[in-house]
Each structure stands twice: as C-alpha cells, then as structure tokens.
Amino acid sequence: ANSDESKDEL
Amino acid sequence: MNIFRLAGDLSHLLAIILLLIKIWKTRSCAGISGKSQILFAVVYVSRYLDLVTTFISLYNTLMKLVFITSSFATLYLMYVKFKATYDHNHDSFRIEFLLLPCFVLALLINASFTPLEVLWTFSIYLEAVAILPQLFLVSKTGEAESITSHYLFALGSYRALYLLNWIYRYYAEGHYDLIAIFAGAIQTILYCDFFYLYITKVLKGKKLQLPA
C-alpha cells in the first residue's frame with residue numbers, strides 16, 4: 001500500500 | 001503531517017547536522033563508520049528518485065535535497081578532506097552482506113514490481129540495517145565520543161518517532177504501510193542496546209564505554 005500519500009514521508 | 005512525524009524529521013535533520021559539526025569542529029572523522037555513511041547515501045539516492053518524477057510539497061522536496069546533499073558532504077569530508085583521520089582498520093564491516101540481501105528482499109517483497117517501487121523498498125530495507133557498520137565500529141573500539149553518541153541517539157530516535165507517527169496515522173487516517181512499519185521496527189530495535197547505554201551513561205555525563 002505505497003500510495004503517493006505514503007511517499008510524503010521521508 | 002502530525003507531531004510525531006515532524007519530530008522524527010527534525011530528529012533526523014539534527015542527527016545529520018550533529019555529524020557534520022562533529023567532523024568539521026574536530027577536523028576528524030574518527031569513530032565514524034564510512035561504511036554506514038555510504039549505505040545512507042545509497043538509501044537516500046534510491047529512495048528519493050521520485051524527486052524528478054513527483055512533486056509532493058516544498059517541505060518534502062527541500063528535506064530530500066538536504067538529506068542527499070548532506071550525506072554526500074559527509075562522504076566528501078570522510079573520504080577526501082579528512083581522509084587521514086578515518087578509522088580504516090576498525091571499520092571493517094562488509095557492506096555487501098547488507099546490500100545484496102536487501103536488494104533481493106526488495107525484489108521479492110514489494111508493493112508493486114516497478115523500478116521506482118523496488119528501489120524505494122530496497123532503500124527502506126537498507127535503511128533499517130545501515131547503522132550496523134557504525135554499531136560494529138563502536139563495539140570494536142569499545143567507546144564513542146559524546147557528540148557521536150548524540151548523533152546516534154538522534155538518528156535512532158527518528159525512526160522510533162516514525163513508529164509513533166505510523167500508529168497515529170493508522171488510528172487517525174486508517175493509513176498503514178506494512179513494509180515501512182516492519183523495517184522501521186527492526187531499525188528501532190537495532191538501536192535499543194545503544195539507547196540503554198546512552199540513557200544510563202551519556203546523559204549522566206559519562207563517556208559511552210562498553211563493558212570490557
């Protein structure tokens with residue numbers, strides 16, 4: 001579940 | 001963005017700044033593992049490739065650039081400018097034993113089998129274990145300078161704070177990412193022994209020295 005949302009994290 | 005996430009990012013940033021200050025002020029990278037720093041550079045480059053494909057926010061872009069730039073600056077200081085002070089003999093961890101398994105694991109367990117996603121997953125796995133050469137170096141020399149201890153504490157706290165962030169996001173947004181959570185937990189566990197020594201020794205003004 002690596003949506004763009006999780007890519008907000010560093 | 002929640003308070004745990006922000007605190008985690010700031011802790012991460014603090015760690016990187018502390019490391020650069022330590023090397024710059026003492027004109028020496030003694031006690032710092034170049035192997036771990038190489039692994040961190042690999043982590044940032046393979047994770048932040050989306051800098052050129054996706055814009056998330058100014059904060060996100062700036063932090064990614066800071067992490068990539070500072071990790072290469074650290075490598076430059078260690079392997080070029082203050083090369084003579086680098087602790088070659090003690091920094092003997094074989095990083096291919098971390099790089100290869102992490103890459104294979106990323107090929108096998110990922111959210112989608114695309115180059116960017118596999119590299120992102122690889123970076124998450126590699127980050128979890130990237131500190132091992134540094135911990136190995138500390139255990140070999142049996143001690144760490146206090147600023148090196150502060151660096152390690154800030155770096156370890158960052159992923160622990162991210163764990164709280166993920167718990168918060170699960171309850172607040174129903175969002176979770178098993179790969180990141182699993183790797184983040186491993187990463188935090190690896191620091192536990194160090195956290196214990198830091199709290200019982202360094203915070204009481206003593207040098208971080210391992211029992212003989």
Side-chain angles (χ1 to χ4, degrees), chain A, chain B residues 1-2 4-6 8-13 16 43-44 47-51 53-68 106 109-114 116-121 123-124 127 158-159 161-163 165-166 169-170 173-181 184:
Chain A
N2 300 311
S3 57
D4 284 344
E5 192 189 4
S6 76
K7 298 288 194 279
D8 164 55
E9 292 178 347
L10 302 158
Chain B
M1 180 72 80
N2 58 64
F4 304 114
R5 164 72 205 285
L6 183 64
D9 286 351
L10 293 179
S11 177
H12 194 182
L13 194 60
I16 290 165
V43 164
Y44 299 136
R47 186 175 310 167
Y48 299 153
L49 290 170
D50 65 349
L51 265 176
T53 62
T54 332
F55 178 79
I56 294 165
S57 66
L58 188 62
Y59 172 84
N60 189 276
T61 301
L62 282 178
M63 289 297 255
K64 285 174 174 172
L65 288 174
V66 167
F67 290 153
I68 292 178
I109 305 175
N110 52 59
S112 66
F113 198 72
T114 60
L116 272 188
E117 195 60 43
V118 168
L119 284 170
W120 179 87
T121 312
S123 83
I124 294 286
E127 186 190 355
Y158 136 69
R159 222 48 175 175
L161 288 161
Y162 257 70
L163 284 180
N165 159 54
W166 291 324
R169 289 191 70 177
Y170 177 72
E173 306 162 24
H175 168 87
Y176 66 96
D177 180 330
L178 285 178
I179 289 175
I181 292 170

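Just so you know, these numbers use all the heavy atoms, side chains as well, and skip hydrogens, waters and symmetry mates. This one's a predicted model, so the numbers in the text were calculated from it and none came from an experiment.
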Q | Heavy-atom pair with the smallest gap, counting every atom of A:Leu10 and B:Tyr59 | A | CD1-CE2, 4.3 Å

Q) Considering only heavy atoms from C-beta outward, does the side chain of B:Asp177 approach that of A:Glu9 to under 4.5 Å? A) no

Q: Sort B:Asn60 into side chain, backbone, both or neither according to what part of it lies under 4.5 angstrom from a heavy atom of chain A.
A: both

Q | Residues forming a ring pair (Phe, Tyr, Trp, His ring centres under 6.0 Å) with B:Phe4, sequence neighbours excluded | A | none

**Q.** By side-chain hydrogen bond (donor to acceptor under 3.5 Å, both in side chains) - contacts of B:Arg159 (at least two apart)
**A.** none

Q.
Taking side chain as everything from C-beta outward and backbone as N, CA, C, O, which of these in B:Tyr48 sits under 4.5 Å from a heavy atom of chain A? Side chain, backbone, both or neither.
A. side chain

Q: Run the salt-bridge test on B:Glu117 and A:Lys7 with the 4.0 Å N-O cut-off and return the result as yes or no.
A: yes

Q: Name the option with the most non-hydrogen atom pairs under 4.5 Å to chain A; the candidates are B:Met63, B:Arg5, B:Lys64, B:His12.
A: B:Arg5

